[in-house]
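Here the structure comes first, spelled out in structure tokens, and everything after it is commentary.
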Amino acid sequence: MPFSDGARSGHHPGVRSAYEHVVRRNPDEPEFQQAVLEVLDSLSPALSRHSEYADQRILERLCEPERQVIFRVPWRDDQGNVHVNRGFRVEFNSALGPYKGGLRFHPSVNLGVIKFLGFEQIFKNALTGMSIGGGKGGSDFDPKGRSDNEIERFCQSFMTELHRHLGEHTDVPAGDIGVGGREIGYLFGQYRRLANRWEAGVITGKGLEWGGSRVRTEATGYGNVLFTQRMLERSGRSLDGRRVVVSGSGNVAIYSVEKAQQLGATVVACSDSGGYVVDEKGIDLDLLKQIKEVERARISEYAERRGDARYVEGGNVWDVPCDVALPSATQNELDAASARTLVRNGVLAVAEGANMPTTPEAVQVLREAGVLFAPGKAANAGGVATSVLEMRQNARRTSWSFEHAEAELAEVMTGIHDRCEEAAERYGAPGDYVLGANVAGFERVAGAMLAQGLI
Ligand code: NAP
């Protein structure tokens, strides 16, 4: 995978050699290599200004996880058959605080995917301004079509190994693809049983009655839309009256739809891995929640129950014209051809609700066309930030109102936006949120690593 043209300042030799080192040492991990390249591509100006980063091999140290745990997860299905899955936890960097990052249950999970997510998480968490390091975990278990009992048994088996690596001052997981409120409940229950401690701060995304925070469920989607709103405002525009397309129909997608509608936009399409629905009158949020959160059914159901909507099986949701695109499903779901379609249809802004949903080639197309682009590590950081707010409430044994938690989230998102904006301006690239996010996140982690010595 090549570096971009490096038109901004050419590439610092330390950046190039760190990337080659990563490719050599992690040959079968294309997603991890892609995530590293995306960050390093922005860092040459920072390395040129600060020779200590290269002298102390900060990039090489950042790209090597502090610890990686891979384990067996045996479990029994409802018919009595035994299955064996693989579990992962990559504890990437704890210079700023305990490892923090979600768990993903999806058949596409492997070590390289978890490393890409954990690497991203370091910079995302740094951008929040909070005291959290970066980590990520999960399993290649496929929850689709599994009964409640099977999910419970799998979660219990998974936590039976994972629990020895966790702790509120060590490593604090949360949800991600395939891990929502139900799974967090089973995971926390098993942790509590094994540890014989009520340690609420050991996992986030908990139920409201047992240590959860209001707005945690909504936080990633809400945060992404709040970031988009601020980005549009800075260029003299707003979300009000805009046509929005959201990909996916999971946690991030649903609450992106909700906040976009609250801010006056019309969300005309969303999707799942089977296809997409278009609803020109605007997505009916209650129906979407009923189908996805309650019934856990396919998005095709939406069109079956709502007369005016149509379902396109296997189609590409980015074919639907829009002003604002919010990719909120999975990595590399928006490629260069889709980006060109969006540009042709007049898109103004793209903000990543998912992690690395836009391919590097697609990002290039959008940038060249002058489209505002918000990278996931900044735009979708509202989820992890609200997880920290949950830990804060746990530590104080208190529980905030929805309004209070949402106001805190809004303040965090403004802070993240402005940190990116400020860093981009400082390095002579105003409006470049990719550079701004990477540099601002990097500077904070690198500073802590330098101060803490060679560890
Ligand atoms: P989720 O609730 O499990 O929903 C995932 C959605 O994406 C589903 O609609 C799913 O469709 C679709 N999807 C997943 N894999 C796909 C694939 N290979 N092709 C097409 N569609 C696919 O997960 P989520 O929590 O919303 O997470 C979505 C994205 O946001 C991920 O990239 C995640 O890392 C990122 N993120 C999440 C959070 C959070 O707080 N949850 C925070 C930051 C970032 P099917 O049901 O058909 O699979």
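Nothing here was measured: the structure is a model prediction, and the numbers come from that model. First listed ligand is number 1; within each ligand, the first listed atom is number 1.
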Any non-hydrogen atom of Lys144 lying under 4.0 Å from ligand 1? yes
May I ask you to decide whether Arg234 forms a salt bridge with Glu421, counting only side-chain N to carboxylate O separations under 4.0 Å? yes
Check each heavy atom of Gln331 against ligand 1 and say whether those closer than 4.0 Å belong to the side chain, the backbone, both or neither. neither
Give me the residue, atom name and distance of the protein heavy atom closest to atom 45 (P) of ligand 1. Ser273 OG, 3.5 Å
Looking only at heavy atoms, is any part of Pro357 under 4.0 Å from ligand 1, and if so is it the side chain, the backbone, or both, or is it neither? neither
Is there a donor-acceptor pair under 3.5 Å between the side chain of Gln33 and the backbone N or O of Asn26? yes
Do any pairs count as a ring pair (Phe, Tyr, Trp, His ring centres under 6.0 Å) and have a residue in residues 280-339, sequence neighbours left out, and if so which ones? none
What protein heavy atom sits nearest atom 13 (N) of ligand 1, and how far off is it? Ala329 CB, 4.0 Å
Atom 27 (O) of ligand 1 [closest protein heavy-atom partner, distance rounded to 0.1 Å]: Ile177 CG1, 3.6 Å
So between Asp176, Val252, Val317, whose heavy atom ends up nearest atom 33 (C) of ligand 1? Asp176
Quick note on ligand 1: atoms under 4.0 Å from a heavy atom of Arg104 include exactly 31 (C), 32 (O), 33 (C), 34 (O)
Least distance between heavy atoms, Glu280 atom then Thr266 atom: O-CG2, 4.2 Å
Going by the atom numbers of ligand 1, which of them fall below 4.0 Å from some non-hydrogen atom of Thr330? 15 (N), 16 (C), 17 (C), 18 (N), 19 (N)
Best match, Asn355, Ile254, Thr220, Asp272: closest heavy atom to atom 39 (C) of ligand 1: Thr220
Any sub-3.5 Å donor-acceptor pair from Lys292's side-chain atoms to Ala297's backbone N or O? yes
With heavy-atom distances below 4.0 Å as the criterion, list the atoms of ligand 1 near Gly248. 9 (O)
Which of the numbered atoms in ligand 1 are below 4.0 angstrom from a heavy atom of Asn380? 43 (C), 44 (C)
Suppose we measure from atom 6 (C) of ligand 1 to each protein heavy atom; which comes out shortest, and what is that distance? Gly250 N, 3.9 Å
For atom 10 (C) of ligand 1, is some protein heavy-atom partner under 4.0 Å away? no
Classify the contact between Glu352 and ligand 1 as side chain, backbone, both or neither, using a heavy-atom distance cut-off of under 4.0 Å. neither
Is it true that Asp78 and Arg146 make a salt bridge, defined as a side-chain N closer than 4.0 Å to a carboxylate O? no
Those atoms of ligand 1 less than 4.0 Å from some heavy atom in Arg298: 45 (P), 46 (O), 47 (O)
Using 30° and 60° as the class boundaries, would you call the ring planes of Phe32 and Phe92 parallel, tilted or perpendicular? tilted
Does any pair with a residue in residues 177-188 pass side-chain hydrogen bond (donor to acceptor under 3.5 Å, both in side chains), and if so which ones, sequence neighbours excluded? Asp148-Arg182
So that I can tick it off, tell me whether Arg419 and Glu443 are bridged by a salt bridge, with the cut-off set at under 4.0 angstrom between side-chain N and carboxylate O. no
Heavy-atom nearest pair, Pro327 first then Thr358, reads CG-OG1, 4.3 Å
Has Thr228 got a side-chain atom pairing as donor or acceptor with Asn224's backbone, closer than 3.5 angstrom? yes
Would Gly353 count as a contact of ligand 1 if the rule is a heavy atom under 4.0 Å away? yes
What residue and heavy atom of the protein are closest to atom 3 (O) of ligand 1, and at what distance? Gly178 N, 3.0 Å
With a cut-off of 4.0 Å, which atoms of ligand 1 are near a heavy atom of Ser249? 9 (O)
Ligand 1 contacted by His106 (non-hydrogen, < 4.0 Å): yes
Parallel, tilted or perpendicular: ring planes of Tyr433 versus His417, cut at 30 and 60 degrees: tilted
